[in-house]
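The structure under discussion appears below in the form of structure tokens.
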Amino acid sequence: MKISIEQILIQWLNKRTKQLYDIEIAPEIFEPDNFEFGDLSTNLPFKLTKAVRKAPNIIGQEILNTDIPKIFSQAQIAGAGYINFWLSDDYLHNNIININKHPDEWGKFSTEYSKNIQIEFVSANPTGPLNIVSARAAAVGSTIANLLESIGHNVITEFYVNDAGNQVRLLGESFLYRIAQIKGENVEMPEDGYLGEYLVDYAREYIEKSPDENPNEWILQKILSEQKEILARFRTHFDSWFSESEFRKTGKVEQVLQRLIDKGLVYEYEGAKWFKASQINLDAKDFVLVKSDGQWAYGLVDIAYHANKFEERGFDIVYTILGPDHHGHKARMESAMKALGHDDKLKIIILQQVNLIEQGNKVKMSKRAGKIITMDVLLEDVGVDAARYFFLARKAESHLDFDLDLARKTSDENPVYYIQYAYARIQSISRFAKNKGVNIENIETQSVDLSMLTRPEENNLCRKITKYSISVQNAAESLQPHIIPFYLLELAKIFHNFYTKHKVVCDDEKLTLARVALISAIANIIKCGLAICGIEAPNEM
RNA sequence: GCGCCCGUGGCUCAGUUGGAUAGAGCGUUGGACUACGAAUCCAAAGGUCGCAGGUUCGAAUCCUGCCGGGCGCGCCA
């Protein structure tokens, strides 16, 4: 697929305003919330009133005073000056055939503006099991990666392994403490150590299986491999695992520090080296690059790491997804990238927190005491599909109340099953049709007469599946994955509605074939949409 | 005190980035299975979009000030 209906309309409107008024303006296109207003609308005439000095409806008439793009059957001026467009039946029917012909590539675009994009997410400290916020980050990050790929970008996913610094040292000390404790030695837990029970289990495993290995390295690798395993199970793939400790050896950190010094952006205060972030970005506070003991602070290494993404690896855009406790970091990193000449290339997405709700109450968690609901417990509890769905069905910047009871339910109340059920139902109908002797092989190539699809329910479905690509584009461009689950929910709804009103396999052979082609296209769309979200489309359930 | 996020039917959330009569799901009430899957469908009730100003043809959306909730504010990461 090269170009969407939305783009066709935008290009046409652009051409018209240039021809008529010699004005270049980005026309806004939207799907009207009321089907009486057609498939696509624009408010362009309102936008032009000032420049053109005419009433909106006059402008609308002038714009329409020529042939409209062929994909539309008609266009009308409505209200005070909207222009509404209706897709032609030919276009809708061709669309069904095309979806069935290219089920796997549907909703994927090639773009001449293709960019090299890196998206970094999760990047949890390798000091313990992944938590719920990491799970949310995994669901959102992997889905955004899928979306950006869908609209034609080259996307690399990366997990930054923070295998250096203070936290890792504390992990090692806590681990040694647990080992000593099991051996019955009298030792004390380090201050700020990790109290979680998991270290006790690991300590036992270490003593039994690999007592000869370096305990610090062993525990790090152990936790890291567990994190990798759970993320893979959560259908979250990383192209790259980037090690902080390796990176620290490359000399890049020193170089970046020197560059900041040369730019006059570093000062000393109480023995530490500070970055003048506030001079570049008013929202950012100055922060420490080198501590008074000579150690690099986390902020400095992170600046060098992000600079590396642009300078050594050539990404055009980098998205970094951070948890809510890192929002102060956002302005700092952006100011540092600006200082190094990478204006507006780093986009930091702050993901808000997750509250687990059980029996109407918030589940209390304390990381300090090691009392947290971990990602693997969650997946065990509600399943990958439901978990991904619930994480994705909210805007990233919204706080998320994750209702465990609802997610566990495999019933009608759980939206993810509602969507999957629509898919499974279609597969079931296809099997039924096949058994009845309907020739559903090669449904995309036979001469199916889609003009048989005249009922309003069929018409709604044709229109809805045609707009799938618009939803993908919107979701990708705005980095808002939740658009896809919402779209799928609506599609499933109008499919179920159609199903109860009309028989797919009926007495009329031509109509049967047309409807089989229609539902087959719907199934393909559901499958594509769910695939973007990392959710399975089951043939049976 | 400063910063970030949020405030939309009883509950959880959408609202196409300033557009047409504010929409879904759950819950509630009442209906629909002797033909393709009832994990479904249909219908009804339920709203001063936290409050008050402002910007304009037009505001749930933008600006200002309050109110309420969550999170952060370290030479930790």
Side-chain angles (χ1 to χ4, degrees), chain A residues 28-34 36-37 41-43 46-47 49-50 55-56 78-82 84 125 127 162 164-168 170 192 269-274 283-285 287-293 295 297-299 301-302 323-331 350-353 355 357 360 390 393-403 406 409-415 417-418 420-422 424-433 435-436 438 470-471 474 478 480 482-483 485-486 489-490 492-493 495-506 512 515 519 540-541:
Chain A
E28 276 177 47
I29 304 292
F30 53 93
E31 282 178 62
D33 37 5
N34 190 327
E36 288 169 27
F37 298 138
S41 292
T42 181
N43 56 6
F46 289 105
K47 304 283 181 198
T49 44
K50 263 189 189 154
Y82 300 95
N84 299 331
N125 283 331
T127 53
N162 302 116
N166 226 356
Q167 304 299 321
V168 171
L170 269 175
D192 294 330
Y269 176 71
E270 293 187 346
K273 291 188 170 64
W274 293 69
D283 293 335
K285 281 207 264 186
F287 59 96
V288 169
L289 297 172
V290 182
K291 299 187 249 181
S292 53
D293 64 2
Q295 297 264 326
Y298 151 80
V301 183
D302 221 30
D325 50 337
H326 282 68
H327 80 255
H329 199 53
K330 177 181 158 123
I350 301 291
L351 211 51
Q352 288 300 323
Q353 70 183 86
N355 296 318
I357 308 291
F390 277 77
R394 293 281 174 280
K395 284 194 298 189
E397 62 266 29
S398 295
H399 297 224
L400 169 61
D401 280 347
F402 194 112
D403 187 333
L406 179 59
K409 282 187 192 168
T410 58
S411 71
D412 51 337
E413 296 159 52
N414 192 334
Y417 295 110
Y418 184 86
Q420 290 181 321
Y421 182 61
R425 201 176 216 183
I426 290 173
Q427 300 312 313
S428 171
I429 297 169
S430 296
R431 289 191 293 268
F432 178 84
N435 288 339
K436 283 274 177 182
V438 179
I470 296 180
S471 290
N474 284 342
S478 63
Q480 296 188 330
H482 75 277
I483 289 173
F486 275 89
L489 210 52
E490 286 168 19
K493 185 179 171 63
F495 165 72
H496 286 308
N497 175 275
F498 158 80
Y499 170 85
T500 50
K501 287 190 177 154
H502 305 290
K503 308 300 296 181
V504 172
V505 181
C506 56
T512 297
R515 284 179 174 165
I519 65 167
E540 291 173 357
M541 49 194 290

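A, B, ... follow the sequence lines: proteins, then strands. Residue 1 opens every chain.
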Given RNA chain B, 5'-ward residue of the pair Ala492(A) and Leu400(A), judged by closest heavy atom
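Whichever sits nearer the 5' end wins; that is Leu400(A).
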Mapping Tyr298(A) and His482(A) to their closest nucleotides on RNA chain B, which lands nearer the 5' end?
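Residue closer to the 5' terminus by nearest nucleotide: His482(A).
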Nearest to side-chain heavy atoms of [X], which nucleotide of [options]:
| X | options | result |
| --- | --- | --- |
| His496(A) | rU40(B), rC13(B), rA35(B) | rU40(B) |
| Asn166(A) | rG37(B), rU16(B), rC76(B) | rC76(B) |
| Lys493(A) | rU17(B), rA24(B), rG37(B) | rA24(B) |
| Tyr499(A) | rU40(B), rG72(B), rC36(B) | rC36(B) |
| Lys47(A) | rC36(B), rG18(B), rC13(B) | rG18(B) |

Can you tell me how far [atom1] in [N] sits from the matching atom in [M], rounded to whole Å?
| N | M | atom1 | value |
| --- | --- | --- | --- |
| rC6(B) | rA14(B) | C1' | 15 Å |
| rA20(B) | rG58(B) | P | 14 Å |
| rC51(B) | rA32(B) | P | 41 Å |
| rG7(B) | rA60(B) | C1' | 11 Å |
| rU21(B) | rC26(B) | C1' | 25 Å |

Every protein N/O within reach of nucleotides 54-56 of chain B N/O, cut-off under 3.5 Å:
none

What about Thr500(A), does its side chain sit under 3.5 Å from the base of rA38(B) through a donor-acceptor pair?
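Answer no: no donor N or O sits under 3.5 Å from an acceptor.
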Donor-acceptor pair under 3.5 Å: do we get one between Ser292(A)'s side chain and the base of rC75(B)?
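Checked by distance alone, the answer is yes.
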Syn or anti for rU40(B), taking syn as within 90° of 0?
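Nucleotide rU40(B) adopts anti.
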Short side-chain N/O contact to [N] OP1/OP2 from [X], under 4.0 Å:
| X | N | value |
| --- | --- | --- |
| Lys291(A) | rC76(B) | yes |
| Arg425(A) | rA38(B) | yes |
| Asn497(A) | rC42(B) | yes |

Whether each nucleotide of nucleotides 4-9 of chain B has a protein heavy atom under 4.0 Å at its base (B), only at its sugar-phosphate (S) or at neither (-) is summarised, 5' to 3', as SBS---
Can Phe37(A) be called stacked on rA20(B) when the rule is centres closer than 5.5 Å and an angle between planes below 30°?
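According to the criterion (under 5.5 Å, under 30°), yes, Phe37(A) stacks.
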Contact class for Phe287(A) (heavy atom, under 4.0 Å): base, sugar-phosphate, or nothing?
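No contact.
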Touch class at under 4.0 angstrom, heavy-atom based, for Gln480(A) against every strand present:
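Base contact.
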Just how far, in rounded Å, is C1' of rC41(B) from OH of Tyr418(A)?
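After rounding, the reported distance stands at 8 Å.
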Step-by-step side chain to side chain contact (heavy atoms under 4.5 Å, CB included) determination, Phe390(A) to Leu400(A):
CA-CA 9 Å; Phe390(A) 277 77; Leu400(A) 169 61; 5.7 Å; no
For RNA chain B, what dot-bracket results from Watson-Crick or G-U pairs at under 3.5 Å, with [ ] for crossers and | for inter-strand partners?
(((((((..((((.....[...)))).(((((.......))))).....(((((..]....))))))))))))....
Begin from the C-alpha positions of His329(A) and Phe287(A) and carry the test ring pair (Phe, Tyr, Trp, His ring centres under 6.0 Å) through to its verdict.
CA-CA 10 Å; His329(A) 199 53; Phe287(A) 59 96; 7.4 Å; no
What is the ring orientation for Phe486(A) with His482(A), classed by angle as parallel under 30°, tilted 30 to 60°, or perpendicular over 60°?
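Phe486(A) vs His482(A) ring planes: perpendicular.
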